Amino acid sequence: MKNLLFRTSAIAIIMLGATPALAQTGGTQDNQEFQANQELLSRIERLEAELAALRTAVQQSTQNITTAIETADEAQATANKAQKAVKKVAKVAKSAEEWKNTNSIIHLAGYASAGYTNKQNANDTFNQVQFSPIFHYQYKDKVLLESEVEFKVLEDGSTSVGLEYLTIDVNLNDYATLVMGRFISPVGQFRQNIHPSWINKLPSAPSGFGHDGAAPSAELGIQLRGAVPLGAVGDSGLRMNYAVYVGNGPELELEVEGGVTEIHGIGTAGFGRDIDGNKVAGGRVGFIPIPKLEIGLSGAMGDTAIPMEADRSYRILGADFAYQWKKFDFRGEYVQQEVGALSSSVAPETWMWESWYMQGAYRLPRNFEAVVRYTDYNSPHSSQRQEQWAVGLNYLIAPQVIAKIAYEFNAGVVGRDTDDNRFLAQLAYGF
Amino acid sequence: MKNFTIILIAVALSGASLGLSQTSYAAEKQAATETKKPKAADKAVAKKKSKKPNFARGAKLWANRCTGCHNIRAPKDLTDSEWKATMMHMRIRAGLSGQDARDILEFLQRSN
């Protein structure tokens, strides 16, 4: 019994003793589990956070990749465009280069004008309608074919067409060019260089310098012209230019006035025949002693005739100058044509036409230009003689597009139209 | 006068033929020159160099010579090709030497 009790007590004691221990052991385990759970939770949270970060990163990357793809597409498109542009530029450059370096060049130049005239003792009228295209066909630096065709509206509404000049010019070397065909007379400056309406500073030509006046218009023949630098080659100083020609020469125009046969004028249109069988030879020499000053001397001699009559002598003399100083432009010219006497002729006397003019122009502000010109034209026929003062004001729309107004004070034989003053307006275009 | 005219035309045309033939065979001559002794080659190079267009001279001549007759036109008015034909025309009309025309053309083509 004692043993049983002892044993029971012992068991009880052990049990009682074991209970706290057991209890103690169970709590540690729970703590550990709890901690483990906590750690696990923390880890899961961390992992979730990492996962979220990764998702964001992946989304960002996807977005970046999309953007990159779009950018690449755009870049490709731009590259394609650039490639096309480069091809186009290359094509244009090639064509430009071909055009630049081609052996033959076709070029159109020229001038045109339209105007208005209000003349004393006449109705005012719109006129001066003229179109003068100049065709250039060039082969390398050797040959130039050039031709000016003149279209003019006449008073009756019809249109006159004329071949002002046609020449084939061959450059022999740096100092000489051979010109053959119908050419503008190289005598003086006005006829060969100043007569185009966009160059002439007044709407009209000086008296005697138009067609069939004192200055010869054209010649049909052969001409040698060029320039020689008198200083060092390439220097912009002293120079000389020249033009010498041989041509068919002029024909004399007859007129019967008051029962008397007279030589009305010297036809110098550049005839395609030579009625007297003798040629006229002449030319001009120009000197440029300093830049912007040119002095020229001209002359020609030969024979001419009235159709069905014997030959008679023919002579031209001329002198000209042009000078530019600051905003001033000065120029002047003298020319004389003389037909010698012929006793067997219906008009046996010596006949002489002469004219000269001086012109000054000044460039005003705002593209305006003031011009004044004096001309004195003497003819064997009193009806042709004229003394003229012309004043003008120009507006340069562009250097080659000019609006002009001018007033001419004319003095001729009273009652003749050469005595009537005129107001002129003109629009001139050079191209 | 008749004989004088015939002689003048003959001289002018032979001059033209001579001038043209010289120009036509310029390349062959140049090639031949290159193979000759150095002194001749130097001369040919110097000659070629002296004919080279000069921009600065062209600018001066453009300002001085063109105004002799007409209002000066800006280089931008025309294309290179148009200036080429225009300068050929002006060389003959205004009495310019070949070198003057080349100089002015150089200025105009580089300034347009």
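None of these values were measured; they are calculated from a predicted model. Lettering follows sequence order; numbering is per chain, from 1.
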Report the distance from atom [atom1] of [X] to atom [atom2] of [Y], rounding to the nearest 0.5 Å.
X      : Y      : atom1 : atom2 : answer
B:D100 : A:Y175 : CG    : OH    : 9.5 Å
A:Q324 : B:N64  : CD    : CG    : 9.0 Å
B:I92  : A:L178 : CD1   : CG    : 10.0 Å
A:Y111 : B:H70  : OH    : NE2   : 13.5 Å
A:Q138 : B:S81  : CD    : OG    : 8.0 Å
A:R239 : B:L61  : CZ    : CG    : 5.0 Å

Minimal non-hydrogen separation, B:G68 against A:A322, with atom names: O-CB, 4.1 Å
For the student: nearest non-hydrogen atoms of A:T102 and B:K84, plus distance: O-NZ, 4.3 Å
Working for side-chain contact (heavy atoms from CB on, under 4.5 Å), residues B:C69 and A:I194: CA-CA 6 Å; B:C69 292; A:I194 312 296; 4.0 Å; yes
Verdict with supporting geometry, B:N71 and A:K201, side-chain contact (heavy atoms from CB on, under 4.5 Å): CA-CA 10 Å; B:N71 295 324; A:K201 292 183 185 298; 3.7 Å; yes
N/O donor-acceptor pair under 3.5 Å between B:R93 side chain and A:Q192 backbone: yes
Side-chain (A:R225) to main-chain (B:G95) donor-acceptor, under 3.5 angstrom: no
More than 12 heavy atoms from other groups under 6.0 Å of OH on A:Y429: no
Neighbour count >12 (heavy atoms, 6.0 Å) for atom CD1, A:I397: yes
Verdict with supporting geometry, B:M88 and A:H107, side-chain contact (heavy atoms from CB on, under 4.5 Å): CA-CA 11 Å; B:M88 178 79 152; A:H107 178 237; over 6 Å; no
Tell me, side chain or backbone of [X] under 4.5 Å from chain B's heavy atoms, or both, or neither?
X      : answer
A:F431 : backbone
A:V228 : neither
A:L293 : neither

Largest heavy-atom contact set with chain B, pairs under 4.5 Å, which of A:R363, A:R331, A:E369: A:R331
Chain B interface, residue from A:G221, A:P399, A:A398 that has the most non-hydrogen pairs under 4.5 Å: A:P399
Per-residue contact mode, B:A74 against chain A (heavy atom under 4.5 angstrom): neither
Per-residue contact mode, B:A63 against chain A (heavy atom under 4.5 angstrom): backbone
Residue pair B:D77 / A:Q400, side-chain heavy-atom distance below 4.5 Å: yes
Intermediate values then yes/no, salt bridge (Lys or Arg N to Asp or Glu O under 4.0 Å), A:D141 and B:R102: CA-CA 10 Å; A:D141 288 330; B:R102 282 193 295 276; over 6 Å; no
Derivation of the side-chain contact (heavy atoms from CB on, under 4.5 Å) call for B:R65 and A:I288: CA-CA 10 Å; B:R65 293 302 308 277; A:I288 301 161; 3.2 Å; yes
